[in-house]
Amino acid sequence: MDFAPELIQYLWKAQRIAVLTGAGVSQESGLRTFRDAQTGLWAQYKPTDLASPEAFACDPKLVWDWYAWRREAIKSVRPNAGHYALHEMAQRAPHFTLITQNVDGLHEFVKHESLKTSQTFRDYSILELHGNIQRVRCSECGTFTDEWGDDTESVPRCAGCGGLLRPDVVWFGETLPRSALEAAVESARGCDAFFSIGTSGVVQPAASLGFAAHNRGALVVEVNMEPTPLTPKTDFLIQGKSGEVLPALVQAVWG
Ligand code: BV8
Ligand code: ZN
């Protein structure tokens, strides 16, 4: 896979790199993207209809079961070459911020795996803009918990206040975690190079980060299977699978 020499040169010299990932990065691990058609008993539902406070208020069991099904699906998948290439980029770029819309925790998994095994591990921020499906909290008092009954008849309740438990993700209509969003905006505005990878660039405010980087003069690189609303503002659109493009790009730049 060939890359423009000016891209390779620029990334080699870049001091601050910010990356935004979406569901496309996890697709090669076997996780459906957010807009892929759902399968099986979930085929009749659109994710945007289930990922909302209104859906949870209306049918908490249906929403809880959907997340339980997705948690199980994530347990059986592994990070792919695209996740590992981004971790490698984080080890080579002087300053690196990983911003993700994904709630599957796969970027964190790679980072913690390397923390345990690598002698030369260099830490970096992973900003989970939309939360993490593996974390569960009380919908009333906000207390986190990592164990709940296995009663499949009803939604588990908070041991402290009896409130319904819910996944610690950001639903449509809910505000993003302030500190993560502020850090993401700051890194998009302050970076030399911004990557938008595996995202359709539809969901706000995450989709605005690439424009913020462009407006501050950063080089913007998009790695995606298809053009998106951000494409006209990018310096490079590399159409392809992130699991193939990213390892080749990291190899070409950092050798
Ligand atoms: C907010 C967690 C302030 C849950 C997610 C009207 C009313 C109310 C709100 C709005 C409105 N209009 C706009 C909004 C704002 C709304 C929004 O953006 N709606 C969209 C649908 C228009 N946003 C919000 O509500 C946000 N909060 O704005 O708060 C507020 C408060 C009140 C009222 C107004 C505003 C909250 C948004 C967060 C929602 N939660 N996830 C869960 O996961 O269950 S979003 C969800 O979509 C996932 O996080 C996912 O990551 C994200 C974005 O999708 P993508 O990652 O881009 O995935 P997608 O499938 O779309 O695309 C995949 C891409 O990868 C494709 O382009 C494909 O070509 C490519 N691809 C596939 N395979 C590969 C690949 N590329 C490379 N390699 C491959 N192998
Ligand atoms: Zn509670």
Side-chain angles (χ1 to χ4, degrees), residues 21-52 55-56 59-88 90 98-118 121 126-139 142-159 164-172 174 177 180 197-199 203 241-243 246-247:
T21 62
V25 167
S26 296
Q27 190 265 343
E28 287 160 86
S29 291
L31 289 178
R32 238 172 305 289
T33 69
F34 215 67
R35 272 146 198 78
D36 272 354
Q38 299 225 89
T39 58
L41 69 162
W42 302 107
Q44 59 195 298
Y45 301 100
K46 278 196 346 208
T48 42
D49 294 340
L50 291 172
S52 75
F56 187 66
D59 189 342
K61 182 83 173 60
L62 177 75
V63 174
W64 173 266
D65 288 349
W66 181 50
Y67 282 93
W69 174 71
R70 287 172 62 190
R71 267 198 301 275
E72 280 312 302
I74 290 167
K75 276 193 189 125
S76 61
V77 306
R78 296 272 306 146
N80 63 64
H83 292 105
Y84 286 104
L86 288 173
H87 176 75
E88 183 56 26
L98 181 48
I99 308 160
T100 188
Q101 300 172 91
N102 299 340
V103 298
D104 54 34
L106 290 176
H107 290 303
E108 282 287 351
F109 180 92
V110 169
K111 179 172 143 180
H112 288 291
E113 192 182 47
S114 168
L115 189 59
K116 284 187 289 200
T117 55
S118 159
F121 173 81
I126 297 178
L127 303 172
E128 294 181 321
L129 293 185
H130 297 160
N132 186 315
I133 197 171
Q134 306 294 355
R135 287 196 301 268
V136 165
R137 61 177 156 86
C138 172
S139 59
T143 307
F144 286 88
T145 180
D146 50 19
E147 79 256 347
W148 52 85
D150 52 5
D151 161 19
T152 53
E153 287 315 303
S154 57
V155 175
R157 289 186 174 270
C158 169
L164 290 172
L165 297 184
R166 59 164 284 177
D168 186 37
V169 297
V170 180
W171 281 330
F172 287 100
E174 293 186 324
I197 306 172
T199 178
V203 172
K241 293 192 158 200
S242 48
L246 293 175

Shortest non-hydrogen contact from Gly243 toward Glu28: N-OE2, 2.9 Å
Check: Trp66 ring centre within less than 6.0 Å of Tyr45 ring centre: no
Interatomic spacing from CG in Leu165 to CZ in Phe144 - rounded to 0.5 Å: 11.5 Å
Rounded distance (nearest 0.5 Å) linking atom CG of Leu164 with atom SG of Cys138: 8.0 Å
Contact summary for Leu86 and Thr21, nearest pair of heavy atoms: CD1-CG2, 3.7 Å
Separation between CG of Leu115 and NE2 of His87, rounded to the nearest 0.5 Å: 9.0 Å
Side chain to side chain, Arg166 and Arg137, heavy atoms closer than 4.5 Å: yes
Residues in salt bridge (charged side-chain N to carboxylate O under 4.0 Å, His left out) contact with Lys111, at least two apart in sequence or another chain: Asp123
All side chain to side chain contact (heavy atoms under 4.5 Å, CB included) counterparts of Ala85, not counting sequence neighbours: Leu246, Pro247, Val250
Interatomic distance, Glu128 atom CD to Leu98 atom CG [nearest 0.5 angstrom]: 9.5 Å
Asn132 (side chain) donor-acceptor with Asp168 (main chain) under 3.5 angstrom: no
Under the salt bridge (charged side-chain N to carboxylate O under 4.0 Å, His left out) test, residues paired with Glu108 that sit two or more places apart: none
Pairs involving residues 146-157, ordered by first then second residue, that meet salt bridge (Lys or Arg N to Asp or Glu O under 4.0 Å) (sequence neighbours left out): none
4.5 Å side-chain heavy-atom contact, Leu106 and Val25: no
Donor-acceptor contact present, side-chain Ser29 to main-chain Asn80, <3.5 Å: yes
Val170 vs Leu129 side-chain heavy atoms within contact, under 4.5 Å: no
Main-chain N/O of Ala23 paired to Asn102 side chain as donor or acceptor, under 3.5 Å: yes
Heavy-atom side-chain proximity of His83 to Phe109 below 4.5 angstrom: no
Test side chain to side chain donor-acceptor pair (under 3.5 Å) applied to Trp64 - qualifying residues, sequence neighbours left out: none
Where at least one partner belongs to residues 64-84, residue pairs that pass salt bridge (Lys or Arg N to Asp or Glu O under 4.0 Å), sequence neighbours excluded: Lys61-Asp65, Glu72-Lys75, Arg78-Glu113
Expected output: side-chain Ser76 to main-chain Ala73 donor-acceptor under 3.5 Å: yes
Value rounded to 0.5 Å, distance of CG in Leu127 from NE2 in His107: 11.0 Å
